[in-house]
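The block underneath contains the structure these notes are about, expressed in C-alpha cells.
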Amino acid sequence: MDSLASKLTTLTEQAFSALGLPVEHARVAVSGQAESAQFQCNGAMPSAKAAKKNPRQIAEEVIAKLQELDSEGVFASLSVGGPGFINMVVKPSFAEAYLRDLLADAGQGVPVLSSGETVMLDYGGPNVAKAMHVGHLRSSIIGDALRRMMLATGYKAIGDVHLGDWGTPMGQIISELELRHPDWVYFDARFSGAYPKDSPVSMADLEEIYPLASKACKEDEARADKARQATADLQNGRAGYRALWHHFVYVSVTGMKKNFDALGVHFDLWKGEGSVHELIAPMVEKLKAQGLAREDDGALVIDVAFEGDKKEMPPLILYKRDGAVMYGTTDLATLVDRMQENKPSKIIYVVDQRQGLHFEQVFRAARKGGIVPESAELTHAGFGTMNGPDGKPFKTRAGGVMKLEDLIAMGVEKARERLKEAKLAEDMSAAEKEDIAHTVAIAAIKFADLQNNRVADYVFDLDRMTAFEGKTGPYLLYQAVRINSLLKKAAEQGFTPGETFVLPETDISLALILGELPDQIALALKNYTPHVLCDYAFKLAQAFSSFYGSCHILSEPDEALRGSRLALCALTARHLRVILSLLGIAIPERM
RNA sequence: GAUCCCGUAGCUCAACCGGAUAGAGCAACUGCCUUCUAAGCAGUAGGUUGCAGGUUCGAGUCCUGCCGGGAUCGCCA
C-alpha cells in the first residue's frame, strides 16, 4: 500500500518525464503550509539551473502538464507559490477513493519494504550474574520496536539478545566462589564425574557476589590476576568452571525473561558471547593465515586503521596477553556465526553510542577478514544515555544503579495512582485494574523512550511520562480506547462503519493524515528512528480528537456520512493499533 | 591533546534529500462538559535555532573557525 503523497508522486513523475525534467525531483510531500495547500512538490527549483529556466516558469509548465494528464480529476487546484513551489489540493473524491482502498488493504496500510531479506538485530545485551538495570531499557525497547517494524514490512527479522556471558566478570565471580568455597566439587581439577544439576548459587547470590568481587579485583592486583586466570581457564574449557558457568547463565536468564516479559520485549535467539567460543580459534587461524593478525606486546591484534583516517584507530585485540578473549573477539566470531547460520543482508546493533569506536573496529576487522561481505549492511544504531530529571545519568536516590524491575514497579505504582485520581477503571475487578495499570505503565515508559531521537541523550522523568495529558503513551491509549468504545456504542445502536467515504470539509484533514501511514513507517525504518512513528501516532490522535470534537457521529442523520465517519473512526483505531504494535505498545480493551 | 556527538520557546523535544511564516507537549493565560470517555477540544502568549563568517535562488540543516556540554581514545563490557 502506497501513501496518498506517493500516489501523487506517480503523477508528477509522469509530468516531469514528459517535460524532460529529472524525475528524481518529482517527489510530492505533505505540505508544510496547511493553509495554502495539502501537498507540495519542490522539484521545479532544483530543476531550474540545468534547464536554464526560471523555476516559477518550470512550475507553471509542470502544472499545465499535470492538468493535461489528470483525466481522472485528481486535483481541485494547482498553483505556484513563492520561488517555485507547486502547491496541490486534491478533490475529496480522490481522497475518498484512496481511503476505500486503504480500508480494504490486507496489509492494514503497512508498506511492503522487503521480500523476505534476513536482518538480524542485536539488542538487550543483558549481562549474566548482574541484575538488569536502566541501561538495558533503551536497547531493549528500541531494538524490539525495530524488529517489529522490520518483521511487519516483509523482512525476516531475527532478534538476538546477545548475552554478556564470557568476559572478565565471569572469572571474577568464579574466583570469588573458589576463595569462599574451595571445597566445592567444581574447583576440584581432578574430578571427572557429573556435576550437580542444581545451581549452588541463586540470582540473589550472584547479584551480591559480583560487585564485591569486582571491587576486590580493582583494589588488589593479585586478586585481579586470579580472576584473569579464572577467565582464561573458563574460556579454555576447564570443566568445573564451565559447569558453574552454565548455572550462572541458567539462573540469570530466568531473571532476565521476567524483565523482558514485563516489558513485552521479544527475542528469537538467546545466544551469547560464549555461544561462539568454538568459532574463535579457527577464525583467528584464518586471520593469521591472511596475514592480518600480528603479535603486539604479548597480545594478538588485528590492525584496522586506514591510510586516510582522521581519528586514531587502535587495533582490535583478539587475544589478551593472558590468552583470554575480549568482547571484540566474541563480537567478530558472532559475525562469523551469523553469516554462516543466517546469511543476513543487514545486521543492526542497538547499543549505547559510547560503543561507537568499538563497533567501528569490529566492522572494519570483519570487512578486512572477509567475514562480512561489503554487500551486507553493518549498522551501529547507537543511542544516547538516559539521564535523570537533573540532567545527570539516571540513578536511585541513594546514588546507585536502579534495577529495571524496580523501575517498572515504580511506573506501575504511578499508573495506579493516576488511574485512581482520574476515577478510571473503577468498576473493574482488582485483577483487571492491576492489568491496566501495568499496560499503562509500560506504554508510558516505552513511548517516553521511543519518542526521543535515538542518538540524543534523554531525560527520564517518571512523573512527566505517566502524566495522563499531552504527548504520552497513556494519552494514545486513551484515544484508542475511546474510539473503540464509540464503535461499540455505535454497534449497539445498529450502526456499522461504511465501506466507502464521504469527506466534507470537516473530515478531510483527518483523512489526509490517515493517508500518511505508509510513508511514516518507511521513514521510521530508513534511519532506524522509531520516534518518527511516535510523532505520527500523536499527530493522528490529535487530528482524531479534533474531528471528534467538531463532528457528532452517532447523531448524524445522513446515513452515508455517518457510515463514512464511523469508517474514519475504525481506520484511525486500526492505524493506532498498528503503530502501537510496531512500537511494542499494547492497548487495553477498556479503561 | 585528538576524534565523535549534542547546543532550537522558561522546561522536555520535533523539523523527511537544503525548501515558504522553525513546529509539538509541559508550565502560563482565555474560552468550551444537560449528546459519542474533558486523560479532551478551540484559542492567546512565548524564538537573533550557542557565536562569527562562508557556500546558493533558498541554511536550524552543508563548509570553516570559535564558545559551551557530553563521550571515546589497547589488554573492562
Side-chain angles (χ1 to χ4, degrees), chain A residues 24-25 27 29-33 35-37 40 42 45-46 48-49 54-55 81-85 87 125 127 164 166-169 172 214 217-218 228 273 296-299 301 309-317 319-322 324 326-328 352-358 360-361 382 384-385 387 389 391 418-419 421-422 424 448 451-453 455-459 461 464 467-472 474-475 477-479 481-483 485-490 493 519-520 522-523 526-527 529 531-532 534-535 538-539 542 545-555 569 590-591:
Chain A
E24 64 265 28
H25 292 147
R27 195 174 67 96
V30 171
S31 175
Q33 291 203 307
E35 313 83 41
S36 52
Q40 66 183 61
N42 302 338
M45 290 170 290
K49 200 171 252 180
N54 181 315
F85 298 99
N87 286 325
N127 298 311
W166 206 238
T168 308
Q172 291 178 337
S214 167
C217 291
K218 246 179 223 160
R228 270 194 283 270
E273 297 165 342
D296 188 73
D297 200 12
V301 305
D309 279 344
K310 273 192 172 175
K311 57 188 162 193
E312 290 172 57
M313 188 58 62
L316 187 73
I317 294 175
Y319 281 115
K320 295 194 289 179
R321 247 198 304 271
D322 59 22
M326 298 201 299
Y327 75 140
D352 196 310
Q353 283 281 39
R354 288 175 290 193
Q355 309 271 338
L357 178 61
H358 165 73
E360 176 110 49
Q361 288 176 288
T385 51
N387 295 330
R418 303 285 194 188
L419 288 168
E421 274 168 32
L424 257 135
Q451 73 162 310
N452 287 286
N453 189 347
V455 296
D457 292 350
Y458 95 100
V459 175
D461 184 339
R464 208 179 59 220
F468 291 86
E469 58 219 5
K471 194 174 177 181
T472 65
Y475 166 84
L477 297 189
Y478 163 75
Q479 292 296 359
V481 169
R482 181 201 223 186
I483 301 170
S485 153
L486 172 61
L487 289 168
K488 215 176 286 169
K489 197 154 281 182
Q493 297 181 26
D519 280 351
Q520 297 283 355
L523 184 60
K526 186 174 150 201
N527 300 318
T529 46
H531 82 270
V532 169
C534 293
D535 266 2
F538 185 68
K539 184 166 91 169
Q542 270 190 321
S545 229
S546 181
F547 161 76
Y548 176 88
S550 60
C551 307
H552 201 271
I553 297 159
L554 295 183
S555 64
C569 292
R590 55 190 195 128
M591 58 195 274

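Every chain is numbered from 1 and lettered A, B, ... according to where its sequence line falls, protein lines coming before strand lines. Note: hydrogens, waters and symmetry copies are ignored here, and every other heavy atom, side chains too, is used.
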Identify all pairs in which a protein N or O lies below 3.5 Å from an N or O of nucleotides 41-44 of chain B, and state each distance.
unit_1: B:C41; atom_1: OP1; unit_2: A:Y475; atom_2: OH; d: 3.4
unit_1: B:A42; atom_1: OP1; unit_2: A:S546; atom_2: OG; d: 3.1

[N] to [M] separation - [atom1] atoms, rounded to the nearest Å:
N	M	atom1	result
B:C63	B:U21	P	24 Å
B:A28	B:U34	P	24 Å
B:A38	B:C5	C1'	42 Å
B:C32	B:G70	P	49 Å
B:C67	B:G47	P	28 Å
B:A24	B:C62	C1'	26 Å
B:A15	B:G7	C1'	16 Å
B:A27	B:G68	P	35 Å

Quiz item: Is a donor-acceptor pair below 3.5 Å formed from side chain A:N453 to base B:A15, judging by atom type as modelled?
Solution: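 Such a pair does not exist between side chain and base.
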
Self-check item: hbond_proxy A:Q40 side chain to B:A20 base (donor-acceptor, 3.5 Å cutoff)
Solution: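 Yes.
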
Practice problem: Please lay out, stage by stage, how A:Y548 and A:R482 fare under the test side-chain contact (heavy atoms from CB on, under 4.5 Å). | Solution: CA-CA 10 Å; A:Y548 176 88; A:R482 181 201 223 186; 3.5 Å; yes

Which base, if any, makes a Watson-Crick or G-U wobble pair with [N], both distances under 3.5 Å?
N	answer
B:U35	none
B:G68	B:C6
B:U48	none
B:C57	B:G19
B:A24	B:U12
B:A42	B:U30

Quiz item: At under 4.0 Å, does any side-chain N or O of A:K489 touch on OP1 or OP2 of B:U37?
Solution: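 Checking A:K489 against B:U37: at least one side-chain N or O falls below 4.0 Å of OP1 or OP2.
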
Exercise. Kindly point out which of B:A14, B:C13, B:U37 is positioned nearest to the side chain of A:H531?
Key: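 Nearest listed nucleotide: B:A14.
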
Quiz prompt | Heavy-atom donor-acceptor pair, A:E273 side chain to A:W166 backbone, under 3.5 Å | solution =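 Pair found, side chain donor or acceptor close to backbone of A:W166.
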
Quiz item: Between A:D352 (side chain) and A:R354 (backbone), is there a donor-acceptor pair under 3.5 Å?
Solution: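 Answer holds: yes.
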
Practice problem: Determine the minimum heavy-atom distance between A:G470 and A:F538, stating which atoms define it. | Solution: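 Looks like O-CE1, 3.7 Å.
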
Practice problem: Could you check A:Y478 against A:E469 for side chain to side chain donor-acceptor pair (under 3.5 Å), going step by step and ending with a plain yes or no? | Solution: CA-CA 10 Å; A:Y478 163 75; A:E469 58 219 5; over 6 Å; no

At under 4.0 Å between heavy atoms, what does [X] touch on the DNA or RNA strands: base, sugar-phosphate, or nothing?
X	answer
A:R27	base
A:M591	base
A:V481	base
A:L419	base
A:L486	base
A:C551	base

Self-check item: Verdict with supporting geometry, A:T472 and A:R464, side chain to side chain donor-acceptor pair (under 3.5 Å)
Solution: CA-CA 8 Å; A:T472 65; A:R464 208 179 59 220; over 6 Å; no

Practice problem: Would you please determine if the base of B:A20 is stacked by A:F85, with stacking meaning a centroid separation under 5.5 angstrom and planes under 30 degrees? | Solution: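 Whether judged by distance or by angle, A:F85 passes, so it stacks on the base of B:A20.
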
Quiz item: Roughly how far apart are A:Q355 CD and A:Q361 CD, rounded to 0.5 Å?
Solution: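 One gets 11.0 Å once the value is rounded to the nearest 0.5 Å.
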
Quiz item: For every nucleotide of nucleotides 70-77 of chain B, 5' to 3': is a protein heavy atom under 4.0 Å from its base (B), only from its sugar-phosphate (S), or from neither (-)?
Solution: -SSSBBSB

Quiz item: Would A:F85 and A:N42 count as a side-chain contact (heavy atoms from CB on, under 4.5 Å) if you check the C-alpha gap in whole Å, the side-chain angles of each, and the deciding distance to 0.1 Å?
Solution: CA-CA 5 Å; A:F85 298 99; A:N42 302 338; 3.1 Å; yes

Self-check item: A:Y475 versus A:Q542, side-chain donor and acceptor atoms under 3.5 Å
Solution: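 Side-chain D/A pair, A:Q542 to A:Y475: absent.
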
N/O to N/O distances under 3.5 Å, protein versus nucleotides 55-64 of chain B:
unit_1: B:C57; atom_1: OP1; unit_2: A:K49; atom_2: NZ; d: 3.3

